[in-house]
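Single-structure report; data block below.
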Amino acid sequence: MALRNVRIDGDPVLRKKARKVEVIDDKIKDLLEDMAETMYDSEGVGLACPQIGILKRLVTIDVGDEHGLLKMVNPEILEISGEQVGPEGCLSIPDVRGFVRRPEKVKFKYTDIDGNEQIIDATGLLAVCICHEIDHLNGILFTDLALEGEEAEMYEKLYYGEEE
């Protein structure tokens, strides 16, 4: 397989909506494998296809939980509940972090590489990651949603403590 170049903020492809994948063929499977390899090489936990310049609704995620590597075709959020706020970063926006309000629980579905529909109830980091990557498929970056001002400063202190 091959490492792909990750597109960086400012690239217009990151602001476009990805198109639904109609057929899961060998090209799609190879693309998902390239995405996984690129994600791991970049030390990321998720990668959406637009981040490598291709407007297809494909996502890879591996948050180190019992699900392992998820290769997802046409992922879609079905239900959300609760709330969590935490720090996020992005391979397409290197060296930038921000606090984002996300659902605590997310029920989502996707088609796997064998054409089977899968449904997962996610919490914590996986819930954040699926929301983050689906945002990419819709041309939204985490910086669009990041908290600002006093609220951001409050979470900064909560997570990282007072500066010396």
Problem set entry | Test side-chain contact (heavy atoms from CB on, under 4.5 Å) applied to I28 and V23, step by step | CA-CA 8 Å; I28 293 297; V23 177; over 6 Å; no
For this session: Under the side-chain contact (heavy atoms from CB on, under 4.5 Å) rule, what do L31 and I52 come out as? Steps first, then yes or no, please.
Result: CA-CA 10 Å; L31 185 54; I52 59 167; 3.7 Å; yes
Problem set entry | side-chain contact (heavy atoms from CB on, under 4.5 Å) evaluation trace for L32 with K56 | CA-CA 11 Å; L32 281 162; K56 293 188 182 297; over 6 Å; no
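Residues forming a side chain to side chain contact (heavy atoms under 4.5 Å, CB included) with E117 (at least two apart in sequence, or on another chain): K109, I119.
No more than 12 heavy atoms of other residues, nucleotides or ligands sit less than 6.0 Å from atom CD1 of I80. At most 12 non-hydrogen atoms from other residues, nucleotides or ligands lie less than 6.0 angstrom from CG of N5. In this structure, K29 places its NZ atom where more than 12 heavy-atom neighbours from other residues, nucleotides or ligands lie under 6.0 Å away.
Checking side-chain atoms of Q84 against main-chain N and O of G124 turns up a donor-acceptor pair under 3.5 Å. The backbone N or O of N116 sits nowhere less than 3.5 Å from a side-chain atom of D114 that would complete a donor-acceptor pair.
At a threshold of 4.5 Å between non-hydrogen side-chain atoms, the residues I140 and K17 do not count as touching. A heavy-atom distance below 4.5 Å is not found between the side chains of M39 and R4. Looking only at side-chain heavy atoms (C-beta outward), L47 and S42 stay at 4.5 Å or farther from each other. L158 places none of its side-chain heavy atoms less than 4.5 Å from the side chain of V85. Using a 4.5 Å heavy-atom threshold, the side chains of D144 and R15 count as touching.
T143 contributes atom OG1, which lies 5.5 Å from atom CG of D9 (distance to the nearest 0.5 angstrom). For the atom pair N74 CG and L137 CG, the distance stands at 9.0 Å (nearest 0.5 Å). Note that the CG atom of L14 and the CZ atom of R7 stand 8.0 Å from one another [nearest 0.5 Å]. Rounded to the nearest 0.5 angstrom, Q118 CD and I113 CD1 are separated by 11.0 Å.
The stretch residues 90-108 participates, sequence neighbours left out, in these side-chain hydrogen bond (donor to acceptor under 3.5 Å, both in side chains) pairs: Q51-S92, E83-R101, E88-R102, R101-E151, R102-D135.
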All N/O donor-acceptor pairs, side-chain side in residues 62-73, below 3.5 Å, sequence neighbours left out:
from	atom 1	to	atom 2	distance (Å)
D62	OD1	G64	N	2.9
D62	OD2	Y40	OH	2.5
D65	OD1	H67	N	3.0
K71	NZ	E33	OE1	2.4

